[in-house]
Amino acid sequence: MKPLIIANWKCNPTTQQEAKRLFNLVKRGIKSIKNTEVVICPPFLYISNLKSQISNLKLGAQDCFWEEKGAFTGEISSLMLKNLGCQYVIIGHSERRKYQQEKDSMIYKKIEAALKRGLKPILCIDKISQIPSFLRKRGGRRGRSPLRPKKDLGGVIIAYEPLFAIGTGKPCSIEKAKKMRLLILRNLNKNLPVLYGGSVNSQNARDYIEKAKFQGLLVGGTSLNAQEFIKLVKNVSQT
Ligand code: PEP
């Protein structure tokens, strides 16, 4: 698998023009980098105006609802995202757990909804107990999900995002991240890709792939600076 870099723009930028500008700068900057897959996850309302004609730049979303349509004010469904051309969706980001009080049970329903529509869910966790039971090895610590999805779970991607490292400028050490990656893999019932997220920048990105053996990165702050983000992608592509 090529290294996967997910750009989480969070609640930025504040205008459509800025979003287009940032997206187009990234598109131009990474055009010639073929061995790394980049996924931009902008706020929902910008998605339909961002078009990627290059195969190494994909679109994703920062969340999705578990129902497909109906009386659910303010929600965006996985079906809507699929119809807009999204291929990935971040689920269970710590900021949603904190500010929207998202619970594991809600997060697991969102994963199932994303899989049903062929989106690749990126499940963010900062501890082993957040791995749902349907992804856990038998005999491991039990998750709290009541779900038993019939869909193949091969499409799930795990992002290890330690809370202390998100948006703080204090990245997790390579040694600790490496240990956590192995612990996550030991608890999974299949060999899913594991990404690292938390204060990744153009300088430290490569080490998480090369030394800690993550299959990719989830990048917040740095993804809002086109030049730094392109540099980060280039550095990762040289691993
Ligand atoms: C994130 O949004 O998931 C994240 C890791 O943010 P940052 O890169 O800013 O720490």
Side-chain angles (χ1 to χ4, degrees), residues 3-14 18-19 22-23 25-26 29-30 36-44 46-47 58-64 86-102 104 106-107 110-111 114 119-128 130-131 156-174 176-178 180-181 184 192-209 212 214-236:
L4 179 63
I5 299 178
I6 312 289
N8 177 12
W9 285 3
K10 309 193 187 193
C11 190
N12 300 289
T14 52
E18 286 175 274
L22 178 57
F23 188 80
L25 282 171
V26 171
I30 66 159
T36 302
E37 176 138 313
V38 177
V39 181
I40 305 283
C41 300
F44 288 132
Y46 299 148
I47 294 173
K58 308 255 159 62
L59 277 164
Q62 300 172 20
D63 179 43
C64 72
C86 284
Q87 297 186 33
Y88 292 81
V89 57
I90 298 170
I91 293 179
H93 191 281
S94 60
E95 286 152 11
R96 292 200 61 83
R97 294 178 194 258
K98 182 176 172 188
Y99 300 114
Q100 274 73 30
Q101 281 77 47
E102 277 197 6
D104 286 343
M106 297 155 80
I107 290 164
K110 292 180 176 195
I111 295 176
L119 294 172
K120 290 184 181 157
I122 301 152
L123 168 65
C124 300
I125 62 168
D126 88 306
K127 42 183 179 277
I128 297 296
Q130 289 167 339
I131 299 175
V156 180
I157 295 163
I158 308 286
Y160 169 55
E161 295 219 301
L163 289 184
F164 66 84
I166 300 177
T168 58
K170 294 179 183 142
C172 183
S173 70
I174 300 297
K176 182 168 189 283
K178 191 173 174 179
M180 267 310 282
R181 178 183 163 271
I184 291 168
L192 302 176
V194 184
L195 317 182
Y196 168 77
S199 298
V200 176
N201 55 42
S202 62
Q203 301 306 304
N204 62 16
R206 200 170 157 163
D207 284 350
Y208 289 103
I209 309 289
F214 284 90
Q215 274 103 332
L217 303 165
L218 208 166
V219 184
T222 302
S223 69
L224 297 170
N225 178 326
Q227 294 321 316
E228 271 304 297
F229 184 65
I230 294 164
K231 211 193 283 181
L232 183 156
V233 176
K234 281 191 179 148
N235 287 346
V236 168

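Counting starts at 1 for both ligands and their atoms, in listed order.
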Query raised in the report: What residues form a ring-ring contact (aromatic ring centres under 6.0 Å, His included) with Tyr160, not counting sequence neighbours?
Result: none
Could you list each N/O atom of ligand 1 together with any protein N/O atom closer than 3.5 Å, one pair per line with the distance?
unit_1, atom_1, unit_2, atom_2, d
ligand 1, 2 (O), Asn8, ND2, 3.2
ligand 1, 2 (O), Lys10, NZ, 2.9
ligand 1, 2 (O), His93, NE2, 3.1
ligand 1, 3 (O), His93, NE2, 2.7
ligand 1, 3 (O), Glu161, OE1, 2.9
ligand 1, 3 (O), Glu161, OE2, 2.7
ligand 1, 6 (O), Lys10, NZ, 3.4
ligand 1, 8 (O), Gly220, N, 2.8
ligand 1, 9 (O), Gly221, N, 2.8
ligand 1, 10 (O), Gly167, N, 2.7
ligand 1, 10 (O), Ser199, N, 2.8

Report task. Please examine the side chains of Lys110 and Arg96, heavy atoms only from C-beta on, and report whether any two atoms are closer than 4.5 Å. Result -> yes
Query raised in the report: Less than 4.5 Å apart, any side-chain heavy atom of Phe229 and any of Leu22?
Result: no
**Report entry** Donor-acceptor pair, side chain of Thr222 and main chain of Val200, under 3.5 angstrom
**Finding:** yes
Query raised in the report: If we only count heavy atoms from C-beta on, is the Lys234 to Ile30 side-chain gap below 4.5 Å?
Result: no
Requested in this report: Could you label the plane-to-plane angle of the Trp9 and Phe23 rings as parallel, tilted or perpendicular, counting under 30° as parallel and over 60° as perpendicular?
Outcome: perpendicular
